[in-house]
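Right, one structure below, let's go through it.
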Protein chains: 2
Amino acid sequence: MTGFKSQDEFYEAGDRVYLPHLSVDCVIFGFHENSLKVLLLKWKNGPWCLPGGFIKHKESLDQSANRTLKERTGLTEIFLKQFHAFGEPDRENGKRAKGSWIGKRFITVGYYALVEYSKVFPEPDLLSSECKWFDVNAVPDLIYDHNQIMNKALETLRLSLNDHPVGYNLLPEKFTMPQLQKLYETILGETLDRRNFQKQMIALDVLIRLNERKTGGAHKAPYLYRFDKRKYDKAMKQGLRLSF
Amino acid sequence: MTGFKSQDEFYEAGDRVYLPHLSVDCVIFGFHENSLKVLLLKWKNGPWCLPGGFIKHKESLDQSANRTLKERTGLTEIFLKQFHAFGEPDRENGKRAKGSWIGKRFITVGYYALVEYSKVFPEPDLLSSECKWFDVNAVPDLIYDHNQIMNKALETLRLSLNDHPVGYNLLPEKFTMPQLQKLYETILGETLDRRNFQKQMIALDVLIRLNERKTGGAHKAPYLYRFDKRKYDKAMKQGLRLSF
DNA sequence: TCAAAAGTGTTTCGGATACACCCATGA
DNA sequence: TCATGGGTGTATCCGAAACACTTTTGA
């Protein structure tokens, strides 16, 4: 919605700029303080919702989702994956304003994104008053079917752990093994054995252990790791076979 | 497209009946003579394509796909699953007739279906001259990005084998273990060990061995099996953990 | 010195794989 | 009788899971 100066101007633009009846919604995941977060928007005087956008006439679905993501987080070139299209005719529950372009029925294509929490500076859009992170286990009631969309995204992410490594997009460049484990645990919603987890991760052959330890915390200082991007990408493409 | 008497009438109907810019395409899989087949349509004087349809104003995506499927195969209540939305702005390669409603850019939602070959009586639609089965390994050049759509469907089906049983929708009610194995082999594109395959299938606990054998063929008569629908559905929901 | 977190290795178990022999049938 | 396909069981191996002790650190 960048480029519009007001809500009215945006509403008025309608079909001139965007395809009718179509939107994308992004479930943006981040990881902070050992828990998985989702970025949500709050409508002015309204409910919370997923950040979403519309599709320009000469834009692909992926481009539209990337644009939305950039507008809300400032990030580009982040991990973004389409997971499902939602198209019940009553998915908005009759709650869209009638008459205007935006009052039409919408089919929305869901994307989920994995972003590095600390690099994100949440920005509300024209229609919103707030943009902030929520713990995935404490998401409020969202507008329309957005809770369902967000749950489906989480489920998809969970299933993808068996086939693809995760972390490059969610963790800072250097991180510790316990941090990585917490990430997996929060996505999966269950605890894992430290020793077995470490063995599996090492076996993936996508990690490089640095000659540094994370100092500052109490207790024994853990090693720092970073991903071997080359091998990580290869594992991403080929698929893995883990079992969590 | 049922209900229209001519191509012109259908084209003219446009937005009045369907959402603009949106379609569904179905990759319909069947199993016959030990190989996996896809149902394709041939445009009048044109290329082959996937059977597709459009979305009525008060219809969900799933309903639209089901309707399309019914129109082409006569089948209802078959296995149908959304797998991806395709939305490149140039996915039609500029090959759509300009001007008319159908000449607009389309985002299409891909579904794949698993149907019982022998129950299908392929019917062309208004725009088509033929509707017939092709071996998945001998699919001709299709219109637009339909080859890509069909490949993505096949890939999705392949991956789903690790998590879900398959066969109930593709095989006749009674079938033999070698038939079931062939089904898996054609989907996967590789051969499997007879004895191990049987053990795995039995272990899934979704099969019932009947006290009948398939007679008529040469050689030793194989047992007939059928699925235990209750257990099959349960396995479908819960997910399995196989590894092919 | 103690509590809490992190590093590390071994044993066990189960499922996947590899593999061979006998049986039934029609040609 | 023989070629072909179908039925069945066992030995092996590898990866997953279970599991305990030592080390470091700040409080």
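All heavy atoms count here, side chains included; hydrogens, waters and symmetry mates do not. The sequence lines fix the lettering, A, B, ..., with proteins before strands; numbering per chain opens at 1.
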* On a plain distance test, is the side chain of K220(A) in donor-acceptor contact with the base of dT8(C) below 3.5 Å? -> no
Item to check | Ionic contact status for R195(A) with D193(A), cut-off 4.0 Å | outcome: yes
Y225(A) atom OH is separated from dA6(C) atom P, nearest whole Å, by 12 Å
In whole angstroms, the gap separating C1' of dG7(D) from CD of Q181(B) amounts to 13 Å
Per atom distances to the N196(B) side chain, the nearest of dC19(C), dG7(C), dG26(D) is dC19(C)
Against the side chain of A218(B), the closest entry in dG26(D), dG7(C), dG26(C) is dG26(C)
*asked:* Once hydrogens and angles are ignored, does a donor-acceptor distance under 3.5 Å link the base of dA5(C) to the side chain of H219(A)?
replied: no
Rounded to whole Å, CG of D193(B) lies from P of dA20(C) at a distance of 11 Å
Here the distance between atom P of dA6(C) and atom CG of L210(A), to the nearest Å, is 17 Å
Which of dA5(C), dT8(C), dG7(D) is nearest the side chain of R195(A)? It is dT8(C)
Sorted by position of nearest nucleotide on DNA chain D, 5' first, the leading residue of T176(B) and F244(A) is T176(B)
Rounded to whole Å, CD of Q200(A) lies from C1' of dA17(D) at a distance of 10 Å
note: N162(A), atom CG; dG15(D), atom C1'; distance rounded to Å ~ 15 Å
Using a 3.5 Å distance criterion without hydrogens, assess whether the side chain of T108(B) forms a donor-acceptor pair with backbone atoms of S23(B). yes
inquiry  = What's R213(A) touching, base or sugar-phosphate or nothing? Going by heavy atoms closer than 4.0 Å.
reply    = nothing
Q198(A) atom CD is separated from dC19(D) atom C1', nearest whole Å, by 16 Å
Judged by nearest nucleotide, the residue sitting upstream toward the 5' end of DNA chain C, G216(B) or M177(A), is M177(A)
Are OP1 or OP2 of dT8(C) and a side-chain N or O of R209(A) less than 4.0 angstrom apart? yes
Checklist entry - Can you say whether the rings of W48(B) and F134(B) are parallel (under 30°), tilted (30 to 60°) or perpendicular (over 60°)? => result perpendicular
Quick note, S243(B) side chain, CB onward, closest among dA16(C), dG7(D), dG7(C) is dA16(C)
Would you call D233(A) and K237(A) a salt bridge, using N to O less than 4.0 angstrom? no
Separation of dC19(D) atom C1' from F197(A) atom CZ, nearest Å, is 19 Å
| Donor-acceptor pair under 3.5 Å: do we get one between K199(B)'s side chain and the base of dT10(D)? | yes
Note to self: For Y168(B) and Y232(B), take the angle between the two ring planes, folded into 0 to 90°, and tell me which bin it lands in: parallel under 30, tilted 30 to 60, perpendicular over 60.
What the structure shows: tilted
